[in-house]
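Notes for the one structure printed next.
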Amino acid sequence: MKINGGFDVAGGIENCMWLSSSSTSSALRRQHFLIRTLCASSTPQTSHNQMERVHCASISIPEADAEGVIRKITPVLDRTRHKGQAGRIAVIGGCREYTGAPYFTAISALKIGADLSHVFCTKDAATVIKSYSPELIVHPILEESYSVREDERETVSSYILAEVRKWLERFDCIVVGPGLGRDPFLLNCVSDIMRHARQLSIPIVIDADGLYLVTNNIDLVRGNSLAVLTPNVMEYKRLLEKVLNCDVNNDNQSEQLRLLSQKIGGVTILRKGKEDLISDAKTVTKVSTFGSPRRCGGQGDILSGSVAVFTSWARRYVMSGIPSSETSLNPLILGCVAGSVLLRKAALRAFLSQKRATLTTDIMEFLGQSLEEICPAE
């Protein structure tokens, strides 16, 4: 059955390896029975639009088998591997005002299992971020308007891109946005970096101020099948207003999310919320594992780092000779599903330990334990 002539719900459920078994059999039969019952009881005067609303409201979004995804895509640890094979991640962000966000993203990637984590930030932010942890490789390359004369901007912009280009090919995934700020010159430089990453076919996770940049220039990601957007409630609202010229429709979240992804050319969108909804315009799934009721700032930064690592692992899994039945899997969807559930489990562990005092740093300390619980290293 199709919604508005678009996404085939039943087909999508049957073809998604990441869906939990509980959402693919009895739940689907109950949904179909309810639809038939509602249709049978409708009066002849019921309009086509009303019928579509009945259909949409009656279909729940299928739950992802998130832990199963993690077990499939997480690489085995063995002695034959060398540094870098478990993932090289880069974060583009960090300015005078915001140094914590890029740190949270980059260090979370390492705690989950990436081998190397880089941060490309402004000079003002570099020393502060370096002081947080010696594990991170910090590049003080970016510049803000206040530090660059008008007649120097073109030269400085070219220099920044050239310096970043030296490293880009080495990365399995980049994250754009944590702590980036909204300085116009800095955003223009980051736009150039994003375009070059796209030319190199490097997956890119866009969060925070990166979403501000993209919302004001959709063409930066339009049609990029290797882009992931991770909007929160307000960021999602602004995206809808910009792309679809409409408000959030909580009665038909699935179709609206799918349509938004479609209008941007099939980018993957992870809509954060009580339930994380994920779509690449072809399918919609969700992760609703209970996390923490404590909503401290910084959890989105952990998520973006998590999605980056799992996306890099999922791409390797999909390209490693998997069964033919799984060749159509979108590794970005798998990365979003895995990153979402891991953050939720770590956040719950942290909350049970710290209650109202739970901070982002507490959650990070439980990332490794939560992953080990799902997918033991041995």
Side-chain angles (χ1 to χ4, degrees), residues 89-110 117-150 152-168 171 173-197 204-217 220-221 227-232 234-235 238 296-305 307-308 359-361 364:
I89 307 301
V91 180
I92 313 295
C95 63
R96 280 190 300 177
E97 291 86 356
Y98 307 115
T99 57
Y103 164 74
F104 290 146
T105 300
I107 203 70
S108 294
L110 289 180
S117 195
H118 297 243
V119 177
F120 293 82
C121 60
T122 65
K123 294 174 183 177
D124 288 337
T127 302
V128 179
I129 296 172
K130 283 175 180 285
S131 73
Y132 293 152
S133 173
E135 304 289 346
L136 304 179
I137 303 170
V138 182
H139 307 264
I141 292 173
L142 305 180
E143 297 279 5
E144 294 182 88
S145 299
Y146 75 90
S147 63
V148 183
R149 294 205 316 261
E150 190 71 35
E152 295 177 331
R153 293 191 175 182
E154 185 175 347
T155 301
V156 172
S157 179
S158 298
Y159 168 78
I160 291 172
L161 179 60
E163 288 298 303
V164 176
R165 285 176 62 178
K166 295 177 183 178
W167 292 91
L168 271 182
F171 300 130
C173 189
I174 67 173
V175 183
V176 172
L180 185 61
R182 299 185 178 183
D183 178 79
F185 177 73
L186 177 55
L187 292 181
N188 285 338
C189 293
V190 172
S191 296
D192 292 337
I193 294 171
M194 291 174 64
R195 293 186 187 99
H196 191 66
I204 179 169
V205 179
I206 303 169
D207 187 38
D209 289 321
L211 290 169
Y212 170 82
L213 173 60
V214 165
T215 301
N216 289 289
N217 187 0
L220 281 173
V221 294
V228 178
L229 311 184
T230 60
N232 60 23
M234 291 307 300
E235 291 160 347
R238 288 193 285 265
C296 55
Q299 293 184 63
D301 304 315
I302 296 178
L303 178 64
S304 61
V307 170
L359 300 175
T360 300
T361 48
M364 291 193 305

How long is the gap from [atom1] on [X] to [atom2] on [Y], to the nearest 0.5 Å?
X: L220; Y: L187; atom1: CG; atom2: CG; value: 10.0 Å
X: Y212; Y: E235; atom1: OH; atom2: CD; value: 12.5 Å
X: T215; Y: I206; atom1: OG1; atom2: CD1; value: 9.5 Å
X: I160; Y: D192; atom1: CD1; atom2: CG; value: 9.5 Å
X: F185; Y: E152; atom1: CZ; atom2: CD; value: 9.5 Å
X: L213; Y: S191; atom1: CG; atom2: OG; value: 4.0 Å

What pair of heavy atoms forms the shortest contact from [X] to [Y], and how long is it?
X: A90; Y: F120; value: CB-CE1, 4.0 Å
X: G305; Y: A109; value: O-CB, 4.1 Å
X: L168; Y: I193; value: CD1-O, 4.2 Å
X: C189; Y: S157; value: SG-OG, 3.8 Å
X: A197; Y: I174; value: CB-CD1, 3.8 Å
X: A101; Y: G179; value: CB-N, 3.5 Å

Kindly indicate whether the side chain of [X], heavy atoms from C-beta on, has any atom under 4.5 Å from the side chain of [Y].
X: V175; Y: D301; result: no
X: M194; Y: V221; result: yes
X: L142; Y: C95; result: no

Determine the interplanar angle of the H118 and H139 rings, folded into 0 to 90°, and report it as parallel if under 30°, tilted if 30 to 60°, perpendicular if over 60°.
parallel
Would you list the pairs meeting side chain to side chain donor-acceptor pair (under 3.5 Å) in which at least one residue belongs to residues 175-189, sequence neighbours left out?
S145-D183, R182-D209
Using the side chain to side chain donor-acceptor pair (under 3.5 Å) rule, collect all pairs that involve residues 95-104, keeping only residues at least two apart or in two chains.
T99-Y132
Who pairs with E150 by salt bridge (charged side-chain N to carboxylate O under 4.0 Å, His left out), at least two apart in sequence or on another chain?
R153
List the residues meeting side chain to side chain donor-acceptor pair (under 3.5 Å) with S131, not counting sequence neighbours, and say none if there are none.
none
Any donor-acceptor pair under 3.5 Å linking the side chain of S108 with the backbone of I302?
no
Between L211 and N232, does a side chain to side chain contact (heavy atoms under 4.5 Å, CB included) hold up when you go through it step by step?
CA-CA 10 Å; L211 290 169; N232 60 23; over 6 Å; no
Full working for side chain to side chain contact (heavy atoms under 4.5 Å, CB included) between I89 and T105
CA-CA 10 Å; I89 307 301; T105 300; over 6 Å; no
For R165, give me all partners under side chain to side chain contact (heavy atoms under 4.5 Å, CB included), at least two apart in sequence or on another chain.
L161, H196
Testing the 3.5 Å rule here: is there a donor-acceptor pair between the side chains of S304 and T230?
no
Just grab all the salt bridge (Lys or Arg N to Asp or Glu O under 4.0 Å) pairs involving residues 128-143, residues at least two apart or on different chains.
K123-E143
